[in-house]
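Shown next, in structure tokens, is the structure this report addresses.
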Number of protein chains: 2
Amino acid sequence: MGTTQLEAAQEPKYWHLRTVLAEALDSEFAVGEVLPNERDLAARFGVARATLRQALEQLELEGRLQRRRGVGTTVAPPRIGVPVGPAEGDWPGAGNDTWRTIGCVEAPAPAAVASLLNEGRPGYRATDMVHTIRRVRMSHGQPVATELLYVPRDSVPGLPELLPPTAHPRAVLRELHRLELESEDRTVELGSARAEDAKQLERLPGAPVLVVTTRYVTGGRVGAVAVATYRADTCRLTFGDTGAVEITHHDDERRQAS
Amino acid sequence: MGTTQLEAAQEPKYWHLRTVLAEALDSEFAVGEVLPNERDLAARFGVARATLRQALEQLELEGRLQRRRGVGTTVAPPRIGVPVGPAEGDWPGAGNDTWRTIGCVEAPAPAAVASLLNEGRPGYRATDMVHTIRRVRMSHGQPVATELLYVPRDSVPGLPELLPPTAHPRAVLRELHRLELESEDRTVELGSARAEDAKQLERLPGAPVLVVTTRYVTGGRVGAVAVATYRADTCRLTFGDTGAVEITHHDDERRQAS
DNA sequence: GAGTGGTCTAGACCACATT
DNA sequence: ATGTGGTCTAGACCACTCT
């Protein structure tokens with residue numbers, strides 16, 4: 001990476017800088033390598049630190065850089081492909097997944113979830129209590145997602161009363177798994193990590209995340225709703241039959257067809 | 001929205017500001033309403049303009065605000081749910097979708113696409129020419145996605161030679177549609193809009209997008225690859241059977257379960 | 001021309017991880 | 001204690017839209 005000056009251009013400096021850095025990343029850096037610090041880089045390119053940071057932010061958003069306070073900026077590995085069903089043991093509680101249960105409370109569902117339950121569930125009221133299970137999904141030793149799973153009480157009628165807190169979430173998941181899953185539908189959208197999610201994902205609040213909302217249909221009605229929050233910087237969500245097709249490259253410049 | 005001063009807090013100012021503004025948006029603003037300009041807002045909350053902008057950026061990322069240079073900041077409508085199959089006429093070229101073809105060239109596929117074709121296609125070489133069709137997807141009168149569709153030549157052997165440029169893409173899509181679609185798999189990841197994509201989507205370069213990569217399998221091999229770029233601010237991708245379930249709310253604060 | 005959001009600067013200080 | 005990225009400031013100017 002030379003001591004290049006930025007030539008005059010129509011495009012914003014930070015955008016040009018992004019391109020220059022992206023090329024340097026491809027040709028001169030290995031995964032895991034640490035970049036010079038922001039002050040040095042800014043000086044090297046003759047821009048203010050804020051401008052350099054704007055370029056780094058872009059590259060981090062694209063999953064090509066990883067920045068850690070107190071440590072430095074490193075070249076990120078390719079994104080992890082995480083299967084998001086349908087397929088395999090997708091019904092929560094199925095055996096060999098990588099979810100780790102964190103806790104469980106009973107509370108009314110937040111408005112967004114309540115309205116989802118409302119549509120697909122005769123007789124459900126927004127103030128009804130639901131089992132709310134928080135889980136964390138690990139992959140390659142890192143946390144990639146946190147999930148809140150909302151299970152209306154009468155979806156799991158066989159649940160024993162008065163369970164100790166540690167047994168409670170396991171029991172809910174087991175009862176859930178006994179039901180027959182008919183279908184599921186999902187939405188994916190961009191969001192930013194709330195404080196609790198951010199902590200579980202080892203990121204700062206506001207970090208970009210992919211929010212996956214799943215409705216599980218069983219017995220002709222919505223049996224459960226899951227809101228999963230995936231780290232957008234490190235994850236690539238995979239859908240469909242093929243599952244684990246490995247793609248080991250970054251999304252690169254595409255050709256215009258016009 | 002009062003002339004509130006920010007009280008001292010541990011969390012960063014911009015994050016607290018985001019929360020305050022989000023609440024104001026819920027309670028005091030209607031969709032489409034314009035906010036005060038950034039300089040006024042910053043003064044009102046007693047912060048620098050850059051800090052206020054950081055908060056606005058968050059809210060824009062979450063699809064709650066829309067900012068247009070020279071115009072102002074307005075309250076965004078709920079995100080549009082766009083079906084992303086599998087289901088319905090999903091094979092490109094199927095009848096009643098909302099894609100508009102922009103152009104078509106023949107060129108070698110970019111590296112990322114080439115490696116996808118490589119895996120699922122005996123005898124394919126990275127330098128082989130592919131038909132590259134650019135399309136734009138409209139929804140509710142707005143552009144929501146642009147796509148580059150890569151079709152290896154021998155996927156469409158029946159294609160006549162020497163077509164006029166306008167007829168070319170149509171012919172490719174028609175030939176493609178005659179093949180039997182066996183399966184498809186997808187990945188979704190976060191990206192930032194390249195210059196050409198940004199223009200089609202009426203956004204600035206670097207705008208956050210959801211990149212949907214689809215492999216279409218036909219005749220036991222990958223018949224085509226599509227890379228679609230969806231506006232992350234205005235779109236919610238929907239998967240699965242149910243298709244058009246309308247959700248008319250924003251993702252709101254969720255309860256901790258730990 | 002007036003008003004908006006977008007870019008950029010040159011500083012300062014803070015929170016955090018490492019030594 | 002040092003060095004890193006994260007936050008924040010108070011300005012300036014630019015690009016764009018609208019009247």
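In what follows, every heavy atom counts, from backbone to side chain, and hydrogens, waters and symmetry copies are set aside. Letters go in sequence order (proteins before strands), and every chain restarts at 1.
Rounded to whole Å, atom P of C/dG5 lies 13 Å from atom CD of B/Glu57. Counting to the nearest Å, the P atom of C/dG6 and the CD atom of A/Glu11 are 18 Å from each other. Counting to the nearest Å, the P atom of C/dT4 and the CG atom of B/Asp40 are 7 Å from each other. Atom CZ of A/Arg53 is separated from atom P of D/dT4 by 14 Å (rounded to the nearest Å). If you measure from atom NE2 of A/His16 to atom P of C/dT7, you get 16 Å, rounded to the nearest angstrom. Taking atom CD of B/Gln54 as the reference point, atom P of C/dG5 lies 17 Å away to the nearest angstrom. Distance, A/Trp15 CH2 to C/dT7 C1': 15 Å, rounded to whole Å. Across the protein-nucleic acid pair, B/Leu56 atom CG and C/dT7 atom P stand 14 Å apart, rounded to whole Å.
Of the side-chain N and O atoms in B/Asn37, none sit less than 4.0 angstrom from OP1 or OP2 of C/dG3. Contact annotation: A/Arg67 side-chain N/O to D/dG6 OP1/OP2 distance is under 4.0 Å. Remark: B/Thr73 is not in phosphate contact with C/dT4, judged by side-chain N or O atoms under 4.0 Å from OP1 or OP2.
Note on B/Arg134 versus B/Asp197: salt bridge recorded, some NZ/NE/NH1/NH2 to OD/OE distance being below 4.0 Å.
A/Thr101 meets the side chain to side chain contact (heavy atoms under 4.5 Å, CB included) test with A/Ile133, A/Arg135, A/Pro169, A/Leu173; sequence neighbours excluded. Looking at residues two or more places apart in sequence or on another chain, you find no salt bridge (charged side-chain N to carboxylate O under 4.0 Å, His left out) involving A/Glu202. A search for salt bridge (charged side-chain N to carboxylate O under 4.0 Å, His left out) contacts involving B/Glu23 returns nothing, not counting sequence neighbours. Scanning for side chain to side chain contact (heavy atoms under 4.5 Å, CB included) contacts around B/Gln58 gives A/Ser192, B/Tyr14, B/Trp15, B/Arg18, B/Glu62, with sequence neighbours left out. For A/Arg49, the salt bridge (charged side-chain N to carboxylate O under 4.0 Å, His left out) test picks out A/Glu38, with sequence neighbours left out.
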A correct 5'-to-3' footprint of nucleotides 9-19 of chain D, with B, S and - meaning base, sugar-phosphate only and no protein heavy atom under 4.0 Å, is B--BB-BBB--

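In summary, the side chains of A/Arg137 and A/Thr146 do not present any donor paired with an acceptor at a separation below 3.5 Å, with no hydrogens or angles considered.
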